Enquirer: 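One structure, pasted below without further comment.
Everything numeric in this text was worked out from a predicted model, so none of it was measured.
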Amino acid sequence: ILFFFFLTRAIAVDADIQTNGFKAYAFYSVNGTSHNFDGNVKYDSQNTVWSFEDPKYWILGADFYFRSFYPKALTAGTLTVNNATSAQSFNITDFDITKQEDVMTASATETVPDNKFCPVNGSIVDLHFEHLLACVEIHIKSEVDGVMVNSISLVNISNGGSYNGSSWSASSNNASVDCQSGIRLTKGDDFVDVTNGGFLVIPGVNSGRTLNISASNKDYNGVVIPGGTWEIGKKYIYTLTIKQSDIIFVDQSPYVNEWDSE
C-alpha cells in the first residue's frame with residue numbers, strides 16, 4: 001500500500017517525518033468479518049513514495065479505514081488508539097507542551113471493488129495531515145537600527161493537557177517555552193519571525209499570557225499578549241515594534257491563518 005500525503009510544516013518537522021516516518025492504523029471489513037492492523041510508514045527518497053514497512057495486500061470487496069499519526073510514538077504524552085471499528089477513536093493524555101512536540105493526524109477511506117486487485121485510483125491512499133495543537137509566532141520590527149533579539153519566551157501558558165478526540169482540556173497555566181533567536185533587526189526592514197517557526201501551544205482561551213524578550217538594547221519582560229482563543233490547527237502571528245526603549249503591539253488582534261500544508 002503506497003501513501004501520498006500533503007506534508008504539513010511545523011517546527012523543523014519536514015526532515016524528521018521523512019527520516020522517521022509515521023504510524024498508520026487500518027480497519028476493514030469483508031463478508032461480515034472485521035480486521036485491523038497497524039504499522040510504520042516510511043519514506044523512499046529515491047522514488048519519492050511512502051509505503052508500509054511491512055507491505056499489505058488490498059482485500060477485494062473491503063472497505064478500508066485509515067488513521068495516521070505523527071510522530072510514531074509520543075514522547076510528550078500517551079496516545080491511545082481504538083482501531084477495532086471504522087470510527088477509530090483516539091485520545092491523548094498527560095501531554096507536556098514544554099517538550100514542543102508537534103502532533104498531527106490524518107484519516108482516509110478506501111473501498112476496493114470486488115472485481116479488481118486495487119482501488120480505483122491505484123494503490124495510493126491520500127492523506128492530509130492536520131495539526132492538533134495551535135502555533136504562535138512573534139514577528140518584530142525595529143525603529144532602532146541594529147537591535148539583536150537574543151531570545152524570546154512565551155510565559156504563563158498551559159503545561160499541557162489531554163485530548164479527547166475532538167477538543168483539549170488544558171492543565172494549569174504555569175509553564176514557559178523558550179526560543180534562542182539570535183536575529184538582528186535592521187531599521188526600516190519589515191517584520192521578522194523571531195520564534196523560528198513558532199511556539200506550539202495547547203488550544204484554548206488565551207488569558208494572561210506574556211512575553212519576555214531579551215534584546216541587545218533592552219530586556220522587555222512581562223509584555224502582555226492580547227487576549228483571545230487559540231484554536232486547533234491555526235497559526236497566530238503577533239506583530240510588535242521596538243521603539244527606542246519601548247515595545248508595542250502593532251495590532252491588538254493577531255493575524256490568523258490555517259496552519260496548513262506547504
Enquirer: May I ask you to decide if the ring planes of W58 and F66 are parallel, tilted or perpendicular, using 30° and 60° as cut-offs?
Expert: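 Plane angle over 60°, so perpendicular.
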Enquirer: Heavy atoms, side chains only, cut-off 4.5 Å: are Y236 and N206 in contact?
Expert: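 Result no, sub-4.5 Å side-chain heavy-atom pair not found.
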Enquirer: For a 4.5 angstrom cut-off between non-hydrogen side-chain atoms, does F37 reach F52?
Expert: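 Of all side-chain heavy-atom pairs linking F52 with F37, at least one is under 4.5 Å.
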Enquirer: Checking T210 against N212: is there a side-chain donor and acceptor pair closer than 3.5 Å?
Expert: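 The criterion, which ignores hydrogens and geometry beyond distance, is not satisfied for T210 and N212.
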Enquirer: Are side-chain N/O atoms of T75 and E101 paired as donor and acceptor at under 3.5 Å?
Expert: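 A donor-acceptor contact under 3.5 Å links the two side chains.
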Enquirer: In plain terms, say whether K42 and D44 are close enough for a salt bridge, that is, a side-chain N and a carboxylate O under 4.0 Å apart.
Expert: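 D44 and K42: not salt-bridged.
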Enquirer: Going from OG on S153 to CZ on F199, what distance comes out if it is rounded to the nearest 0.5 angstrom?
Expert: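 It comes to 6.5 Å.
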Enquirer: Donor-acceptor pair, R184 side chain versus G146 backbone, under 3.5 Å?
Expert: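 A pair under 3.5 Å: yes.
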Enquirer: In terms of hydrophobic clustering (I, L, V, M, F, W, Y; side-chain heavy atoms under 4.5 Å; direct or indirect links), are V155 and V194 co-clustered?
Expert: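 In one cluster with V155: V194, no.
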Enquirer: Should L79 and L133 be counted in the same cluster of Ile, Leu, Val, Met, Phe, Trp and Tyr side chains packed under 4.5 Å apart?
Expert: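 L79 clusters together with L133.
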Enquirer: Under the criterion side chain to side chain contact (heavy atoms under 4.5 Å, CB included), which of E231, M104, K234, H131 is the partner of W259?
Expert: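 Per the side chain to side chain contact (heavy atoms under 4.5 Å, CB included) rule, the option paired with W259 is H131, out of E231, M104, K234, H131.
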Enquirer: In the single-linkage hydrophobic clustering (I, L, V, M, F, W, Y; side-chain heavy atoms under 4.5 Å), do I242 and L211 co-cluster?
Expert: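 Same hydrophobic cluster.
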Enquirer: With rounding to the nearest 0.5 angstrom, report the CG to OG distance, L132 to S166.
Expert: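 Answer for the CG-OG pair, L132 versus S166, is 11.0 Å.
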Enquirer: Heavy-atom distance under 4.5 Å between the side chains of F249 and I225, does that happen here?
Expert: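 With C-beta onward as the side chain, the pair touches.
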Enquirer: Work out which heavy atom in D145 is nearest to a heavy atom in K187; give both atom names and the distance.
Expert: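 What the structure gives for the nearest pair is OD1-N, 3.0 Å.
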Enquirer: How far does CH2 of W50 sit from CG of L127, to the nearest 0.5 angstrom?
Expert: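 Rounded to the nearest 0.5 Å, the CH2-CG separation comes out at 10.5 Å.
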Enquirer: Side chains of L240 and V223: closer than 4.5 Å at any heavy-atom pair?
Expert: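 Side chain of L240 against side chain of V223, heavy atoms only: contact under 4.5 Å found.
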Enquirer: Can a donor-acceptor pair be found, under 3.5 Å and without considering hydrogens, that links the side chain of T239 to the backbone of H139?
Expert: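 No, T239 side chain to H139 backbone: no donor-acceptor pair under 3.5 Å.
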Enquirer: Has N31 got more than 12 heavy atoms of other residues, nucleotides or ligands less than 6.0 Å from its CG?
Expert: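 No, not enclosed.
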Enquirer: Identify which one of D178, V201, V177 satisfies the side chain to side chain contact (heavy atoms under 4.5 Å, CB included) criterion when paired with Q100.
Expert: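 Filter result, single survivor: V177.
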Enquirer: Give the cluster check for W230 versus I237: same hydrophobic cluster or not, with ILVMFWY residues linked at side-chain heavy-atom distances below 4.5 Å.
Expert: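 No; I237 is not reachable from W230 via cluster members.
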Enquirer: Can a donor-acceptor pair be found between the side chains of N174 and N159 at a distance below 3.5 Å?
Expert: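 Present: a donor and an acceptor within the cut-off.
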Enquirer: Identify the heavy atoms of N221 and I213 that sit nearest to each other, and give their distance.
Expert: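 N221 and I213 have their closest heavy atoms at OD1-N, 4.2 Å.
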Enquirer: Evaluate the side-chain proximity of N40 to K23: yes if any heavy-atom separation is below 4.5 Å, no if none is.
Expert: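 The answer is yes; the side chains approach within 4.5 Å.
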Enquirer: Taking the side chain as every heavy atom from C-beta outward, state whether I202 and F95 have any atom pair closer than 4.5 Å.
Expert: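 Sidechains of F95 and I202: in contact.
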Enquirer: Nearest 0.5 Å, please: how far is CG in D251 from OH in Y238?
Expert: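 Output value for this atom pair is 11.0 Å.
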Enquirer: Looking only at non-hydrogen atoms, find the nearest pair between A62 and F64 and report the distance.
Expert: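 The pair with the smallest heavy-atom distance is CB-CE1, 3.7 Å.
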Enquirer: Which of these passes ring-ring contact (aromatic ring centres under 6.0 Å, His included) with H35: Y28, Y65, Y57, F27?
Expert: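 Option passing the ring-ring contact (aromatic ring centres under 6.0 Å, His included) with H35: Y28.
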Enquirer: Between A215 and V147, which heavy-atom pair has the shortest distance, and what is it?
Expert: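 Closest pair (atom of A215, atom of V147, distance): CB-CG1, 3.9 Å.
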Enquirer: Would a 4.5 Å heavy-atom cut-off, applied to side chains only, mark R67 and N83 as touching?
Expert: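 No - every pair of side-chain heavy atoms lies 4.5 Å or more apart.
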Enquirer: Measuring centre to centre across the rings, with the benzene-like ring taken for any Trp, is F90 within less than 6.0 Å of Y25?
Expert: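 No: the rings miss the under 6.0 Å criterion.
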Enquirer: Any chance you could measure S68, atom OG, to F129, atom CZ, to the nearest 0.5 Å?
Expert: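 With rounding to 0.5 Å, OG (S68) is 4.5 Å from CZ (F129).
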Enquirer: OG1 of T195 to CD1 of I138: how many Å apart, nearest 0.5 Å?
Expert: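 Nearest 0.5 Å value for the OG1-CD1 distance: 6.5 Å.
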Enquirer: Ignoring hydrogens, what is the shortest heavy-atom contact between R209 and S158? Give both atom names and the distance.
Expert: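 It is NH2-OG, 3.5 Å.
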Enquirer: Considering all heavy atoms of both residues, which atom of S151 and which atom of Q180 are nearest to each other, and what is their separation?
Expert: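 Shortest heavy-atom contact: CB-OE1, 3.7 Å.
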Enquirer: Do the side chains of I232 and V256 join up, straight or via other hydrophobic residues, at under 4.5 Å, putting them in one cluster?
Expert: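 Shared cluster, yes.
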Enquirer: Please check this pair: side chain of S181 against backbone of I183, looking for a donor-acceptor N/O pair closer than 3.5 Å.
Expert: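 No.
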